[in-house]
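The structure under discussion appears below in the form of structure tokens.
Residues: numbered from 1 along the sequence shown.
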Amino acid sequence: MSWFRRHRRREPDPAPVHLPNPDEAAAAFWAAWAELLPSVSAALGDAEPDRVEERVGELVAGLHPDLRFTLERGHRAIYALVVTGQEDPRLRPWTDAWIAAAPAEDVIWEYHDSVPPVPDPTLVTINLGPRRLRLADVRVVAQVSDGLVDVAVWHPGFTELDDDARRRMTFLPLDVTLGERLAGERLGRVETAVLEPVGAIGLLEFRDLVRGMGEDRS
């Protein structure tokens, strides 16, 4: 599951509701997670995440109703639970409290408060309906300005996609490559390129460029 937040119009905030403070909400989440964990691990082991996704969603909503989550393959452990506020500063107190109270990682589970980067995005293939799009074919033009990177993203399969799918495939490679947090911090304007741009680079070179910006400032 991926979420595409930049350049999306926000809906008006609903009427305020009472929520526990972040520390209380995090403590309640992890107590309930410990009870649910055997069922979650069993469902994922059986490749049937739908058995537990609704229950996990209820736990996350209890933490804060605007948070999102994914259950996925881990990078250091077998599975990963990601709970994210999509880089909304309004939600950062809840994700900060949640990750601070998280249990220690083990060989089975790791935990993230933002979508982490994939170690090698060029090995990822995205299924969009009947189409399979390799991220190895993505090309990016990047322009650095005032500490941000404006990018144009191109894929040879864009011509076969509708507007919504093309938009998804514009943002998804960036989040997969940089991770949600670094993408939120460093990306400025993001555009879809209709034709392959001159001087475009691949995703791994793009990641080196963006990560190098932080090194240059230190």
Spell out, yes or no, whether M169 and V194 are grouped together once hydrophobic residues are joined by side-chain heavy atoms under 4.5 Å, including indirect joins.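 Not linked; separate clusters.
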Going by distance alone, is a donor N or O of one side chain under 3.5 Å from an acceptor N or O of the other, for T192 and T170?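 A pair is found: one side chain offers a donor N or O, the other an acceptor, under 3.5 Å apart.
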Output the distance between atom [atom1] ([X]) and atom [atom2] ([Y]), rounded to the nearest 0.5 Å.
{"X": "R73", "Y": "L44", "atom1": "CZ", "atom2": "CG", "result": "8.5 Å"}
{"X": "E87", "Y": "L182", "atom1": "CD", "atom2": "CG", "result": "9.5 Å"}
{"X": "R181", "Y": "L178", "atom1": "CZ", "atom2": "CG", "result": "13.5 Å"}
{"X": "R186", "Y": "M213", "atom1": "CZ", "atom2": "CE", "result": "4.5 Å"}
{"X": "R76", "Y": "D106", "atom1": "CZ", "atom2": "CG", "result": "11.5 Å"}
{"X": "L91", "Y": "R68", "atom1": "CG", "atom2": "CZ", "result": "10.0 Å"}

Note: [X]-[Y] ion pair, threshold 4.0 Å (strictly below):
{"X": "R168", "Y": "D164", "value": "yes"}
{"X": "R55", "Y": "E53", "value": "no"}
{"X": "D113", "Y": "R92", "value": "no"}

Side-chain touch [X]/[Y], heavy atoms, less than 4.5 angstrom:
{"X": "R90", "Y": "D66", "value": "yes"}
{"X": "V82", "Y": "P116", "value": "yes"}
{"X": "V115", "Y": "T70", "value": "no"}
{"X": "L71", "Y": "Y79", "value": "no"}
{"X": "L187", "Y": "L174", "value": "yes"}

Show the atom names and distances, to 0.1 Å, of all donor-acceptor pairs under 3.5 Å that link a side chain in residues 132-143 to residues at least two apart or in another chain.
from : atom 1 : to   : atom 2 : distance (Å)
R132 : NH1    : N127 : OD1    : 3.0
R134 : NE     : D137 : OD2    : 3.3
R134 : NH2    : D137 : OD1    : 2.8
R139 : NH1    : A136 : O      : 3.0

Under the salt bridge (charged side-chain N to carboxylate O under 4.0 Å, His left out) rule, collect the residues that match up with [X], sequence neighbours excluded.
{"X": "E185", "value": "none"}
{"X": "D146", "value": "none"}
{"X": "E196", "value": "none"}

Heavy-atom pair of closest approach, residues R166 and D163: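 The pair with the smallest heavy-atom distance is NH1-OD1, 2.9 Å.
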Taking all non-hydrogen atoms of both residues into account, name the closest pair between A26 and A97 and its distance.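 Scanning both residues, the minimum pair turns out to be CB-O, 3.5 Å.
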Can you tell me which residue among W98, W94, F29, F69 is in a ring-ring contact (aromatic ring centres under 6.0 Å, His included) with H64?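 Of the listed residues W98, W94, F29, F69, the ring-ring contact (aromatic ring centres under 6.0 Å, His included) partner of H64 is W94.
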Check: [X] side chain, [Y] main-chain N or O, donor-acceptor pair, under 3.5 Å:
{"X": "H75", "Y": "P117", "value": "yes"}
{"X": "D150", "Y": "R189", "value": "yes"}
{"X": "N21", "Y": "D23", "value": "yes"}
{"X": "E180", "Y": "D175", "value": "no"}
{"X": "E191", "Y": "A152", "value": "no"}

Do any side-chain atoms of residues 31-42 form donor-acceptor pairs under 3.5 angstrom with protein atoms, and if so which ones, sequence neighbours left out?
from : atom 1 : to   : atom 2 : distance (Å)
W33  : NE1    : Y111 : OH     : 3.2
S41  : OG     : L37  : O      : 3.2
S41  : OG     : W109 : NE1    : 3.0

Exercise answer: donor-acceptor pairs, residues 200-210 side-chain atoms, under 3.5 Å, sequence neighbours excluded:
from : atom 1 : to   : atom 2 : distance (Å)
R207 : NH1    : V118 : O      : 2.9
R207 : NH1    : T177 : O      : 2.9
R207 : NH2    : P119 : O      : 2.6

Assess the residue pair I78 and E110 against the criterion (side-chain contact (heavy atoms from CB on, under 4.5 Å)); give the C-alpha distance rounded to whole Å, side-chain angles, the decisive distance to 0.1 Å, and a yes or no. CA-CA 8 Å; I78 297 175; E110 62 188 65; over 6 Å; no
